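Input: a single structure, listed below in structure tokens.
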Amino acid sequence: MMFFKRGQEEIVGFVLIVVLVSVALLVFLGISLRQDSSLNTSDSADVYHFLESSMEFSTDCAVIFTSDFSTLGELFRNCYEGKKCLDSEKMACDVLEENMEDVLESAWLIGEDRPDKGYKFESFYKSSEEDPAGPGEEDDVIIEFEKGDCTGGSVRGASYVSPAGTGGRIQSVLEICS
Amino acid sequence: MNYYRVGCFNRGGRSCKGQMKIQQMAFVLMAIFIFFAIVGLFYFSVSTGSFRSDVEKIREQEAIESVRKISGTPEFAWTVYDCAACIDFDKILVLKEKASYKDFWKGVPYLKIERVYPRYESEECSRGVYPECNSITIIDSGRNTITHSSFVALCRYDSGNGFDRCELGKVIMGFETVE
């Protein structure tokens with residue numbers, strides 16, 4: 001009987017140590033995983049500067065009068081309002097799509113053998129201030145592009161907000177996948 | 001013949017068993033302590049590694065911001081209307097030719113303005129090909145540099161059409177590296 005008791009004591013001690021160690025390991029794993037998930041998407045000054053600069057890009061679409069050519073930033077608003085270009089009779093949305101696609105392709109060189117594997121661009125109209133960063137159910141998507149592989153790896157991105165005439169705002173979000 | 005047990009003085013070996021148990025306990029405690037110390041060290045090294053990458057990221061962002069800051073200086077700024085992202089491409093072409101600006105940016109070994117979209121056939125801008133050219137190199141000291149770039153809007157007066165036009169460009173700035 002004494003022999004068994006002593007053996008039980010040892011087993012209890014061993015189990016206690018194993019439990020203690022596994023709890024410590026779980027805590028460590030939890031902390032490291034939480035850190036990794038927060039690092040996965042990061043704000044990028046470079047992407048923000050791209051959005052800010054591309055909004056100033058002059059297009060060949062004049063909406064109000066013939067020599068007043070709209071910038072890309074203005075075309076987002078004109079596209080949302082369904083306006084037409086005066087000289088070419090093209091829709092503002094078509095000109096916006098053409099120009100934005102060209103600007104994105106020239107600025108971000110995407111490919112399997114390149115550091116940047118893909119990008120996602122989305123622009124949407126937001127009606128109220130309290131909406132979260134992404135597009136909600138009531139937000140209208142103006143244009144969206146996706147190129148390359150954006151399924152894994154790290155993502156850096158930024159969003160640019162410009163005022164829309166009807167009291168809302170137009171938010172453009174670009175994510176670059178590496 | 002007399003045998004003596006070292007460290008055990010009481011009868012029946014009771015104290016000996018107690019001492020053994022204390023020793024066992026001490027060894028187990030030490031093993032646990034060493035184990036946790038190793039785990040702690042491992043965790044510390046992993047977290048320090050992530051600090052290093054964080055610091056590198058912050059340094060890169062700072063470098064990009066300092067590149068961007070140059071677009072706000074009077075020598076580069078587009079002043080026709082309020083635009084933080086715009087630089088005056090006409091002004092930069094003139095600036096490149098001015099001898100008085102040769103040593104203006106003393107700490108900068110490399111400074112170039114590049115058009116990203118649209119692109120033209122001629123690379124380096126001169127009065128002959130401007131504005132249908134892609135870049136203006138303001139400083140190129142030939143020293144070893146690490147470059148950082150930031151997107152800007154390159155604005156100019158389009159004399160052919162009689163209005164201002166902005167295109168997408170980049171300011172590329174070199175920072176000296178240790179040889």
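Chain A is the first sequence line, chain B the second, and so forth, proteins listed ahead of strands; every chain is numbered from 1. Since this is a predicted model, take the numbers as computed values, not measurements.
- In the hydrophobic cluster analysis, where Ile, Leu, Val, Met, Phe, Trp and Tyr join through side-chain heavy atoms closer than 4.5 angstrom, B/Ile139 is grouped together with B/Val171.
- Heavy-atom pairs under 4.5 Å with chain A were tallied for B/Gly162, B/Ala153, B/Gly169, B/Pro118; the largest tally goes to B/Ala153.
- Under the 4.5 Å side-chain contact rule for hydrophobic residues, A/Ile17 and A/Leu20 share a cluster.
- The local environment of CZ in B/Phe36 is crowded, with over 12 non-hydrogen atoms from other residues, nucleotides or ligands closer than 6.0 Å.
- With a 4.5 Å cut-off on non-hydrogen atoms, B/Gln24 touches chain A through its side chain but not through its backbone.
- Between A/His49 and B/Ser149 there is no side-chain heavy-atom pair separated by less than 4.5 Å.
- Here OG1 of A/Thr71 is found 12.0 Å from CZ of B/Arg165. Values are rounded to the nearest 0.5 Å.
- Counting non-hydrogen atoms of other residues, nucleotides and ligands closer than 6.0 Å to NZ of A/Lys90 gives a total of 12 or fewer.
- Options B/Ala84, B/Ser150, B/Ala31, B/Cys155 differ in how many heavy-atom pairs under 4.5 Å they form with chain A, and the most are formed by B/Ser150.
- For B/Phe27, the CZ atom sits in a loose shell: 12 or fewer heavy atoms of surrounding residues, nucleotides or ligands are nearer than 6.0 Å.
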Item checked: Trace of the side-chain contact (heavy atoms from CB on, under 4.5 Å) decision for B/Phe151 with A/Leu51 -> CA-CA 9 Å; B/Phe151 286 100; A/Leu51 288 172; over 6 Å; no
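- Heavy atoms of A/Phe69 lying under 4.5 Å from chain B belong exclusively to its side chain.
- Shown here for A/Ser53 and B/Leu168, the closest heavy-atom pair between the two residues is CB-CD1, 3.8 Å.
- The pair A/Asp102-B/Arg119 does not count as a salt bridge, with every side-chain nitrogen at least 4.0 angstrom from each carboxylate oxygen.
- Note that CD1 of B/Ile32 is 9.0 Å distant from CG of A/Leu16, once rounded to the nearest 0.5 Å.
- Using a 4.5 Å cut-off between heavy atoms, B/Val67 makes no contact with chain A at all.
- Residue contact with chain A, scored on non-hydrogen atoms closer than 4.5 Å, is absent for B/Asp158.
- With values rounded to the nearest 0.5 angstrom, A/Glu56 atom CD is found 3.5 Å from B/Cys83 atom SG.
- Both B/Phe89 and B/Tyr101 sit in one connected hydrophobic cluster of ILVMFWY residues. Membership requires side-chain heavy atoms under 4.5 Å apart, directly or through other members.
- Between B/Phe163 and A/Asp68 the shortest side-chain heavy-atom distance does not fall below 4.5 Å.
- If you chain together hydrophobic residues whose side chains sit under 4.5 Å apart, A/Phe50 and B/Met173 never meet in one group.
- More than 12 heavy atoms of other residues, nucleotides or ligands sit less than 6.0 Å from atom CD of B/Glu97.
- Nearest heavy atom pair, residue B/Asp164 against residue A/Ser58, reads O-OG, 4.2 Å.
- In the hydrophobic clustering of ILVMFWY residues, with side-chain heavy atoms under 4.5 Å counting as a link, A/Ile11 and A/Val19 come out together.
- Note that the OH atom of B/Tyr117 and the CG atom of A/Asn99 stand 5.5 Å from one another [nearest 0.5 Å].
- Taking CZ from B/Arg115 and OG from A/Ser106, the interatomic distance works out to 12.0 Å, rounded to the nearest 0.5 Å.
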